[in-house]
Amino acid sequence: METVVKIRSNLADKIMQGLGLALMVGVSLYLIIGWSSFPDKVPMHYGAAGEIDRWGGKGEILFLVVLWWIMYLVISAVERFPQIWNTGVKVTAASQARVYRTLKYMVVSLKLIVTADFAYMIVNITLCRPLGGWFTPVFLVLVFGDMAFWIIRLVRCR
């Protein structure tokens, strides 16, 4: 029987969690309050260069927001059970706390990056604006840079 592992949230975790939740609540309130002022036809897909390449009804925003909340809640649930994570390194009794703490940082920081990405896209959708050519490369650098940083730290935890 596998031991249940509990990794307590520290100040950095709480700050990242708070920022992510604030973004989600803020954008959700923005949508509720401003819904009647949004155009009926909004951009629903962007190309790699950040240019609008598909338009749709504003009701499609609701699907995106529901997907966003589900993703956030599932990641938050998975975050609570480090023993189910694929660590990529052998976890020993001596390394367990360091390995799981490092992975928790990675999960929490990636969740914040993806949450900020969704928030930015949803606001741009409602304003019918392109994302800009910088958006995709910056998002990819943030995601893969963050993962690389934590994976390097994880390998050093062995």
Side-chain angles (χ1 to χ4, degrees), residues 7 9-82 84-89 99-157:
I7 304 297
S9 292
N10 62 21
L11 182 61
D13 295 331
K14 290 175 183 175
I15 290 170
M16 287 187 281
Q17 300 279 14
L19 287 171
L21 197 53
L23 277 171
M24 295 196 67
V25 170
V27 170
S28 296
L29 287 173
Y30 164 76
L31 289 172
I32 291 167
I33 293 167
W35 188 258
S36 62
S37 67
F38 302 143
D40 291 331
K41 188 176 177 186
V42 294
M44 287 311 302
H45 191 269
Y46 294 91
E51 294 299 321
I52 301 164
D53 62 11
R54 185 176 81 76
W55 293 80
K58 74 178 177 180
E60 290 182 57
I61 298 171
L62 297 177
F63 173 75
L64 186 60
V65 173
V66 168
L67 177 68
W68 186 31
W69 274 99
I70 290 170
M71 180 187 64
Y72 184 88
L73 294 172
V74 167
I75 293 171
S76 295
V78 168
E79 177 187 318
R80 295 182 175 273
F81 302 100
I84 67 171
W85 301 345
N86 181 358
T87 63
V89 297
V99 167
Y100 289 144
R101 163 63 19 223
T102 301
L103 285 171
K104 182 164 178 147
Y105 277 135
M106 184 169 78
V107 170
V108 171
S109 61
L110 283 171
K111 185 169 67 169
L112 177 59
I113 291 166
V114 172
T115 297
D117 173 63
F118 267 76
Y120 182 77
M121 284 191 305
I122 290 169
V123 170
N124 275 277
I125 286 169
T126 63
L127 299 173
C128 296
R129 289 194 301 204
L131 296 176
W134 60 269
F135 179 77
T136 300
V138 167
F139 175 70
L140 291 174
V141 166
L142 285 173
V143 167
F144 290 108
D146 185 68
M147 285 176 25
F149 174 80
W150 293 115
I151 289 170
I152 290 167
R153 298 273 313 246
L154 179 64
V155 169
R156 292 180 181 169
C157 286

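What you see is a predicted model; the values in this text were computed from it and never measured.
- The OH atom of Tyr105 sits 3.5 Å away from atom CG of Asn10, with the distance rounded to the nearest 0.5 Å.
- Side chains of Thr126 and Lys58 form no contact here, defined as non-hydrogen atoms less than 4.5 Å apart.
- Here the shortest heavy-atom pairing between Arg129 and Tyr46 reads O-OH, 2.9 Å.
- The neighbour count for Tyr30 OH, taken as heavy atoms of other residues, nucleotides or ligands under 6.0 Å away, is above 12.
- In terms of heavy atoms, Ala119 sits closest to Val27 at CB-CG2, 3.7 Å.
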*asked:* Run Ile75 and Leu110 through side chain to side chain contact (heavy atoms under 4.5 Å, CB included) and show every step you take.
replied: CA-CA 10 Å; Ile75 293 171; Leu110 283 171; over 6 Å; no
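- Lys111 places no side-chain N or O within 3.5 Å of a backbone atom of Met16 that could act as its donor or acceptor partner.
- Note that CG of Asp117 and CZ of Phe139 are 4.0 Å apart. Values are rounded to the nearest 0.5 Å.
- Judged by distance alone, the side chains of Lys104 and Ser9 do bring a donor and an acceptor atom under 3.5 Å apart.
- Once rounded to the nearest 0.5 Å, the distance linking CE of Met106 with CG of Asp146 reads 8.0 Å.
- Between the CZ atom in Phe144 and the CD1 atom in Ile151 there is a gap of 10.0 Å [rounded to 0.5 Å].
- Using a 4.5 Å heavy-atom threshold, the side chains of Leu103 and Leu154 count as touching.
- Side-chain atoms of Thr136 come within 3.5 Å of backbone atoms of Ala48 as a donor-acceptor pair (strictly under, hydrogens ignored).
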*Start with the C-alpha gap between Leu131 and Tyr120, add the side-chain angles, then the distance that decides, and say whether side chain to side chain contact (heavy atoms under 4.5 Å, CB included) holds.*
CA-CA 8 Å; Leu131 296 176; Tyr120 182 77; 3.7 Å; yes
_Show, in sequence, the C-alpha distance, side-chain angles and deciding distance for Asn124 and Phe135, and conclude whether the side chain to side chain contact (heavy atoms under 4.5 Å, CB included) test is met._
CA-CA 12 Å; Asn124 275 277; Phe135 179 77; over 6 Å; no
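- Distance check, rounded to the nearest 0.5 Å: OG1 of Thr115 to CG of Leu21 gives 9.0 Å.
- Between the side chain of Trp85 and the backbone N or O of Val78 there is at least one donor-acceptor pair closer than 3.5 Å.
- Residues Asp53 and His45 come closest through the heavy atom pair OD1-ND1, 2.6 Å.
- Between Val108 and Glu79, the closest side-chain pair of non-hydrogen atoms falls below 4.5 Å.
- Smallest separation of non-hydrogen atoms from Ile113 and Leu142: CD1-O, 3.7 Å.
- For Tyr72 and Phe118, the distance between ring centers is not under 6.0 angstrom.
- Scanning all heavy atoms of the two residues, the minimum distance from Trp69 to Ser28 falls at NE1-OG, 3.0 Å.
- Taking the side chain as every heavy atom from C-beta outward, Trp35 and Ile61 approach each other to under 4.5 Å.
- Under 4.0 Å is where a charged nitrogen must lie from a carboxylate oxygen, and between Asp13 and Arg101 at least one such pair does.
- Between the CG atom of Asp40 and the CH2 atom of Trp55 there is a distance of 12.5 Å, given to the nearest 0.5 Å.
- Nearest approach of Met71 to Val114, heavy atoms of both residues: CE-CG1, 3.3 Å.
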